[in-house]
Every structure is written in structure tokens, then in C-alpha cells.
Novice: 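I am attaching a structure below and will ask some questions about it afterwards.
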Amino acid sequence: MYRRAIMQLNQAFDVLIQSQHAVCVEKFLAMNESTTQFGLSLTPELALELAEQRYQVLLSLGRVELGVGIMTKLIEQLMGSPYLQQAEYIETLVTLYETFHYIKNEMSDDIGDEELMTWMVELYDGECHGDVNLLAGLYAERLIALYKNGNIDFDKDDFLIKETLDPDEIDEDSVWEE
Amino acid sequence: MALVKIIESQMEIVTKGRSETIAVETAENLLASIQYVIQYYLESHSYLNGNERFEKYQEIGLIQLDEDSIFSETLYNQALDYMFDVLKETASFYQTVMQKRLKIDNHIYNETFEQGISMFIENYDPRISAQMNVCDIDYPLAFDDLRVEGIRYIINYLQTFAAENYICSAFGRMAVEEVLKRFGEKMKVDYREYPVNLYELALQQALAVMLTSEGLSLRRGKNMLLLRRDMKREVVNIVMDKSPKEITQILQKAAENLASWIGIEQSGYIAKNQVRAYYNQTMAAMINRLTLAFVAHNFECFV
């Protein structure tokens, strides 16, 4: 009898992951209510595409997300950005979502969601001037390098010290070497 | 859905409430932990007969008319409570073992008990890692089932050690430590640092002593387990030119005499039959090993 309970447990987990797709589309479409005022919106097709790409990111990076909170928070925090345009809406979200999880993996989940998202959004709007590839490449790698060299103090509230991420102080070659 | 609630509460602990996302590997471990907890709980009822077990399963909601909802949050919570009770009992058993264990001057032996197991008990969290047994247990047992996971491994380890310690205690601390010292000299290693099972060392010596004429009048003392030159000669003479079957029989008789001498009885914190079963199990392996050695005229295993 207990074997059935255990089997059911494993099946339930698979169902749980698969069932997120529909929830995602629903939640993403609901975000239109807030984003339209900034000229950003998702059609049902685009929402489905975003959900699929989200799933692919999680799959390729070996991550699990219960709920859809990360993507919707990204939308909430980025929708007011002067750099985010409808034409690159999905691409930007997916790149940032992927970068978010990539950094999470590289930093062994030591960094909290909120800290990481705040850091990403501030950089996107600030030093990166909306260049999502600069954020996903140079800045993300620099942050990871700082972490791996033990230069981030997670006990401090402001551990993501902006000065250390100042582009003038970043030796691009050394980042890629790392 | 029950599972979402459980995993959410696990993630809250794992990420300290700072993240909604985890690595797949972490998620798999969390799922394995849930599975371990439920399985452990349900297996704990295996002593019940068919009807009793059916009633128990019904009571905890495992048997329901709606077959889609066997797994429930209530079942998990009951199982988790049970795991915490088991952890508490294990901690108490560990304290008893600590009090009863022989104080031997061996770093690995002492570190395993004073730090390794203690840290496991302190850090074991059935909510998120029930199946894990990550701890520094370097002291080797004569028989250690490494296939077992989680707290069950620690319980097995402690019970096995308790049986070994019970038998070693019959010889006394000084006698066991003296064998260890002589073993260190013979192997040219520092006996204080060497990872070796004290029970096997002592038992093998005791078995050899039992083969000699002094065996049945064995008295407790520092050198009781050491074989003098004349005793070694006696052992050689007893088994020399005997067939493997005859050697095995001689050793089995000595093992029986030794068991009587030890007097395996209820010890208060570990069951008599458990000690006896372990003695039989490890002695059978030892007799096989010694038979092969004696047939090959190899008597180097004794100190």
C-alpha cells in the first residue's frame, strides 16, 4: 500500500511541474493590466511563447520554480523602464530570467531573489542603459567572480556593493579569463 | 495540492525564505526527503498483523475510497512528527552509548562518537534532508551496512556499535587497549591514529586464547587477550594438519566457549538476542577467514 503512496508522490511532482504552463499563461496575460500603460502587452500567443521559453530556461539550467513569481516580478520591476520596448519585450524578459537563474546556480543559491532582482533591474536601468546582453555577460560574470573569490559579504544588507561593479574598475579581459 | 504546500514549506527552510526557485538537484533531494519520511513511518507499522495494519492505514488516511488522494498532508505531518520522535529517541540512545562505551585512546574512535555522530544528531533535519547521512563517521564497524540511509543508518550504527562495545566491555578497557597497542607495534602504525575496529581485534585474540589450554580459565586483566609465544605454539599445534572442516569445527567450539565466557545477557540498553545475533554473524565471517589462514599456515594475524 505504501508503495502506491510513494509512486503517487513522484507522479504528483511531475504533474505539478507540467501544470505550471497553463498557470503561467494566465498570470502573464493578467500582467497586461499594469503594463499596457507603458506600451507593453502580451497577446495570448506571446504569453504562451514566454511560458514555453521560461520552461526551457528552467529545463536547460536545471532549476525548479514553484509558481511563476520570478517572471511576474521581473515584469513588474521593468515595465517602467525607459529602455524596455515592446519589440524586445519577450527577448529581454527571457534573457533576464535566464541570467537570474544562471547567477543563482553559479552562486549556489546563496543570493536571495530580491537582492538579485534589485541588482539586475538597477543595472539594466543604470550602467547598462538597457543593454541586456551587457548585463547578462560582463556584469553577471563579474558578480559571479566576486562571489567565487569570496568578495561578497552576504551578512551585510548592501552586499552588492555598487563600487565594486563600477565599469571603470572592471577589467574585461580578466572577467572572461575567470 | 498537498505536495505544493509541503515543498513550499521545505523551500522556505532551505532558502531561508529568500527564494522561490531552487536547483533541480535540491528539489529532488526535497522530494526524496518526503519519500523517506513517509516510507519510514509506514514501515514502522510492519510489525502489525494484516487487520491491524489495515486499521492503522485507515486511521492515517492512507486507505481512502478516492484512490487519487492516498498521499495527503496529514499523512506527511504524522510521519514527520514520528521522525522527530525517532530523532529524540536516537539522541537519547546515543547518550547511553556514550556513557557505556570503552574509553580507548584512539583519535578516530573518539572523534566519531564525540563529534561525528553528535553533529549528525544536532543537524539532522527530517523536514528537508531525512534521507541524508552526511557526517564524519570514520570509525569502522565489523559489519556496517552502507546501503542504509538517513537516521536509520545512524540507528543501525549505534546499535551495532553497542553490541560490539558490550562484548568488548566483557574483556575490559585495558585488555582491548593493550591489543590495540600491540597491533600498532606489529603494523608499525600509531595506534592512536589508526582506523581499526576494536571489536574484531579483541574478538580474534579472544578466540585464539580460547583455543589454548588457558582459554576456559581466562581471567580479566590487561594482558588477557595477548598470546604468549607458548600459546601461539599451542594454537599452531591444535590446527596443524587438520582439514578445513576440522579447523572450522575447532574454531566453532572455541567461539561457543567464548560466548559462554562473555555471558551474553540482557544488558539493559541493548537486547540480548541482538548481541548474540551480531556475535554469530561476525564470528561466522571470522571463522571462515581464520580457517583459510590456518590452512595456509598463516598465523600472523594474532598479536
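Worth saying up front: this structure is predicted, and the values here are computed from it rather than measured. Each chain gets a letter, A, B and so on, in the order the sequences are listed, and its residues count up from 1.
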Novice: Considering only heavy atoms, which portion of B:S19 lies under 4.5 Å from any heavy atom of chain A: side chain, backbone, both, or neither?
Specialist: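 Answer is both: backbone and side chain atoms of B:S19 are under 4.5 Å from chain A.
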Novice: Scan the side chains in residues 116-125 of chain B for donor-acceptor partners under 3.5 Å anywhere in the protein, sequence neighbours excluded, and list what turns up.
Specialist:
| from | atom 1 | to | atom 2 | distance (Å) |
| --- | --- | --- | --- | --- |
| B:N123 | ND2 | B:M119 | O | 3.2 |
| B:Y124 | OH | B:A130 | O | 2.5 |
| B:D125 | OD1 | B:R127 | N | 3.0 |
| B:D125 | OD1 | B:R127 | NE | 2.9 |
| B:D125 | OD2 | B:R127 | NE | 3.4 |
| B:D125 | OD2 | B:R127 | NH2 | 2.7 |

Novice: Does a donor on one side chain sit under 3.5 Å from an acceptor on the other, for B:T21 and A:K104?
Specialist: no
Novice: Checking an interface table here. Which of residues 23-54 of chain A come within a heavy-atom distance under 4.5 Å of chain B?
Specialist: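 Answer by number: none.
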Novice: Are more than 12 heavy atoms from other residues, nucleotides or ligands located less than 6.0 Å from atom CD of B:E25?
Specialist: no
Novice: Of the non-hydrogen atoms in B:A23 and A:D109, which two are nearest, and what is the gap between them?
Specialist: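 It is N-OD2, 3.8 Å.
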Novice: With sequence neighbours excluded, what pairs up with B:R276 under the salt bridge (charged side-chain N to carboxylate O under 4.0 Å, His left out) test?
Specialist: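 With sequence neighbours excluded, B:R276 shows a salt bridge (charged side-chain N to carboxylate O under 4.0 Å, His left out) to B:E256, given in chain and number order.
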Novice: To the nearest 0.5 Å, what is the distance between CE on B:M11 and CD on A:E65?
Specialist: 8.0 Å
Novice: Using the side chain to side chain contact (heavy atoms under 4.5 Å, CB included) rule, pick out the option among A:L61, A:V64, A:L58 that qualifies with B:V24.
Specialist: A:V64
Novice: Measuring from atom CG of A:L66 to atom CD of B:Q10, what distance do you get when rounded to the nearest 0.5 angstrom?
Specialist: 9.5 Å
Novice: With A:Y124, which residues qualify under ring pair (Phe, Tyr, Trp, His ring centres under 6.0 Å), at least two apart?
Specialist: none
Novice: Calculate, to the nearest 0.5 Å, the distance between atoms CD and CZ belonging to A:E114 and B:R18 respectively.
Specialist: 10.0 Å
Novice: To the closest 0.5 Å, what do you measure between CD1 (B:I22) and NE2 (A:H101)?
Specialist: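 Taking CD1 in B:I22 and NE2 in A:H101, the distance rounds to 11.5 Å.
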